[in-house]
Amino acid sequence: MHGTERFTAAVHQWLLGMFSPGAAHIAEMVLTGLAYLAFFAVAGLALVYLERRIAAFFQVRLGPNRVGPFGLLQTVADALKLVAKEPIGTKKADHFLYSLAPYFLIISSLMAISVIPMGAGFSAFDIDVGVFFLIAVSSVGVLGILIAGWGSYNKYSLIGALRSGAQMISYELSVGLSLLTMILLVGSLRFSDVVQAQSDYWLIFKGHIPAFIAFVIFIISGTAESNRTPFDLVEAESELGAGFHSEYSGIQFAFFFLSEFINMFIISAVAATVFLGGWMPFHIGDLEGFNHIMDYIPGPVWFFIKTGFIIFLMMWFRWTFPRLRIDQLMKLEWKYLLPLNLLNILLMAFFVWKGWYL
Amino acid sequence: MTERIIFYILAFIMIVFSLMSVTSTKIIRSAIYLLGVLMATAGLYFLFNLNFLGAIQLTVYAGGIMVLIVIAILLTHHVGFGLPVPDKKHMILGWLAAMIGITISFFQFTTHTFKPKIGNLDDRVSKMGADMLHYGDGGFVLPFEVISILLLAGIIAAITIAKGGIPHLKKRLKSGQPTTVSSSTKKQ
């Protein structure tokens with residue numbers, strides 16, 4: 001039994017000791033929800049801090065370093081400032097849709113994060129169709145961006161929203177197909193099965209050539225899906241102000257900002273789970289001694305190290321590649337990534353059929 | 001008990017949103033209310049443990065069709081553009097038709113006895129996939145393939161229209177005549 005499983009079992013027993021089974025069930029649901037919300041806020045703040053520190057590192061600066069030790073409290077102070085600010089909207093905007101839009105993004109990211117296992121048995125909603133469910137709920141988020149752009153009554157917002165709609169719909173295909181390539185190896189859409197299948201080798205080593213191609217495609221399209229540089233046409237500062245959230249301020253802006261970083265976390269977590277083994281420690285075949293040493297590091301630590309690595313990669317992209325034009329963006333997806341992806345699925349199916357994997 | 005409460009909440013959301021969707025005069029708002037109905041339906045599927053169906057509902061309706069509808073509205077309408085309120089006669093007729101519909105379905109639901117399905121529903125995705133490509137008894141390979149051909153035809157049609165590659169339409173475009181397909185087919 002893994003540490004995280006023991007932890008959830010202990011919490012379950014503790015609640016059963018305090019309440020009747022029905023009330024304990026409800027208390028568990030509420031606690032899980034609160035835990036995810038807390039994680040959401042903390043991860044968002046930590047990621048903003050990391051982004052600023054890493055950006056500074058690439059530009060040979062120091063970044064935030066005054067508030068708290070190493071500037072750790074800088075983003076907390078920024079968040080407090082945003083919460084305290086007055087929300088100012090446009091007069092002619094559709095106020096209902098304007099205030100509704102941020103919740104679409106927040107809720108879709110929260111639902112997406114609930115299926116990712118952060119340790120053994122440590123996910124809120126481990127369902128049979130986990131990977132597909134993740135793609136399904138993250139496709140709802142784009143509606144929030146479209147409505148935000150429309151409801152703001154601002155041409156820059158509207159252009160940003162339409163760009164984002166086109167971009168996210170196109171790149172969703174590549175995200176889904178590259179995940180499907182890996183599902184061929186596992187044979188199950190359940191996230192815990194995907195992780196369990198990697199107990200001997202991680203999938204990226206198991207599927208070697210097609211898996212590596214799928215990994216590269218997933219990272220590219222995942223970066224596009226979370227609207228990050230070099231695919232940040234949606235909020236291209238030099239062209240559109242802030243894009244779809246130009247007219248938002250105060251806590252609503254904070255919601256957009258937060259959900260953007262959480263989306264990056266989700267993409268990285270999925271990449272870590274599907275390609276790099278999730279919470280599974282690094283094992284090499286049947287090298288008993290080595291595997292035992294690796295087992296001493298707990299699952300969540302592995303998960304966050306791998307996710308952090310992908311997040312670092314995505315932050316690195318931001319200071320390496322220039323922004324694409326909208327036609328280049330569409331060409332990249334529909335003329336290069338999509339056909340490559342379909343061929344890659346065929347290749348992977350052939351490899352699985354012949355048994356040419358580890 | 002909890003499930004029953006969640007069911008009633010979802011059903012209430014569905015009824016309220018579907019009413020708001022047809023009574024709103026702002027077209028984008030009715031689209032959003034419709035989205036509420038579709039999401040609540042997905043919620044119902046998840047409540048009944050039909051996870052695959054729920055995820056399909058979310059991808060196809062919320063992620064696909066609603067995004068298409070919203071983009072179509074964004075491209076064709078003006079912010080704050082409201083549809084005109086229909087005149088008295090149409091409103092009365094509409095309400096009358098709705099009432100008749102409600103009465104008939106209410107009558108049906110109260111008189112018909114529903115048989116609960118006995119046994120476990122096998123809704124594993126792997127089973128579904130195997131059934132989809134099974135060509136023996138109870139397999140769905142023919143409809144599956146026919147639908148994929150239909151989709152291919154749809155994609156080709158979309159590309160043809162987008163590229164403007166229909167010859168007689170092109171000719172009419174040049175000469176400035178009306179270019180709707182129906183008028184051109186009538187004359188031939």
Side-chain angles (χ1 to χ4, degrees), chain A residues 22-23 25-26 29 90 92-98 100-101 104 107-108 111-112 115 125-147 149-155 157-159 161-162 164-166 168-169 172 176 183 186-190 193, chain B residues 1-3 5-6 20 24 26-36 38-39 42-43 45-46 49-82 121-130 155 159:
Chain A
H25 187 59
I26 293 174
M29 285 201 258
T90 27
K92 282 192 168 179
D94 190 335
H95 288 280
F96 170 67
L97 296 179
Y98 176 81
L100 182 72
F104 268 93
I107 290 173
S108 83
M111 282 170 81
V115 290
F125 197 43
D126 192 23
I127 51 172
D128 193 20
V129 287
V131 178
F132 182 53
F133 177 82
L134 185 114
I135 295 168
V137 289
S138 55
S139 69
V140 178
V142 66
L143 271 169
I145 291 179
L146 284 173
I147 295 167
W150 166 270
S152 301
Y153 199 59
N154 175 329
K155 57 188 167 198
S157 302
L158 190 59
I159 294 173
L162 280 176
S164 133
M168 286 175 88
I169 293 169
E172 230 158 57
I183 296 304
V186 181
S188 168
L189 288 166
R190 191 191 289 270
D193 289 352
Chain B
M1 191 57 208
T2 333
E3 268 147 27
I5 295 170
I6 295 174
M20 277 157 88
S24 174
K26 285 187 177 160
I27 188 156
I28 185 124
R29 281 202 190 179
S30 26
I32 297 304
Y33 296 139
L34 177 64
L35 175 72
L38 296 171
M39 300 266 253
Y45 291 144
F46 284 117
N49 268 329
L50 301 171
N51 292 325
F52 182 70
L53 208 55
I56 285 279
Q57 172 87 5
L58 277 181
T59 354
V60 173
Y61 287 104
I65 291 185
M66 281 316 295
V67 170
L68 273 186
I69 291 179
V70 168
I71 286 185
I73 294 171
L74 294 196
L75 290 175
T76 51
H77 281 259
H78 198 262
V79 174
F81 175 81
L121 194 67
D122 191 7
D123 69 334
R124 278 174 302 128
V125 189
S126 48
K127 168 95 170 36
M128 255 176 236
I155 292 170
I159 292 172

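Just the heavy atoms: all of them, side chains too, but no hydrogens, waters or symmetry mates, feed the values below. Throughout, a chain's letter reflects where its sequence line sits, starting with A, and its residues are numbered from 1.
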Which bit of B/I32 comes within less than 4.5 Å of chain A, counting heavy atoms only: side chain, backbone, both or neither? side chain
Please verify the inter-ring angle class for A/F133 with A/F125; under 30° counts as parallel, over 60° as perpendicular, anything in between as tilted. perpendicular
Keeping the roles fixed (side chain from B/Q57, backbone from B/L38), state whether a donor-acceptor pair exists under 3.5 Å. yes
Suppose we screen for side-chain hydrogen bond (donor to acceptor under 3.5 Å, both in side chains). Which residues come up paired with B/S24, at least two apart in sequence or across chains? none
Is A/L100 close to chain B through its backbone or its side chain, or both, or neither, when contacts mean heavy atoms under 4.5 Å? side chain
Part of B/I56 within contact of chain A (heavy atom distance under 4.5 Å): both
Taking the side chain as everything from C-beta on, heavy atoms only, tell me whether B/E3 gets closer than 4.5 Å to B/I6. no
Could you tell me which portion of A/L189 (side chain, backbone, both or neither) has an atom closer than 4.5 angstrom to a non-hydrogen atom of chain B? side chain
Side chain, backbone, both or neither: which part of B/V67 has an atom under 4.5 Å from a heavy atom of chain A? both
Among B/L74, B/L58, B/L35, which has the most heavy-atom pairs under 4.5 Å with chain A? B/L74
Got a sec, which residues hit side-chain hydrogen bond (donor to acceptor under 3.5 Å, both in side chains) with B/R29, two or more places apart in sequence or on another chain? A/D94
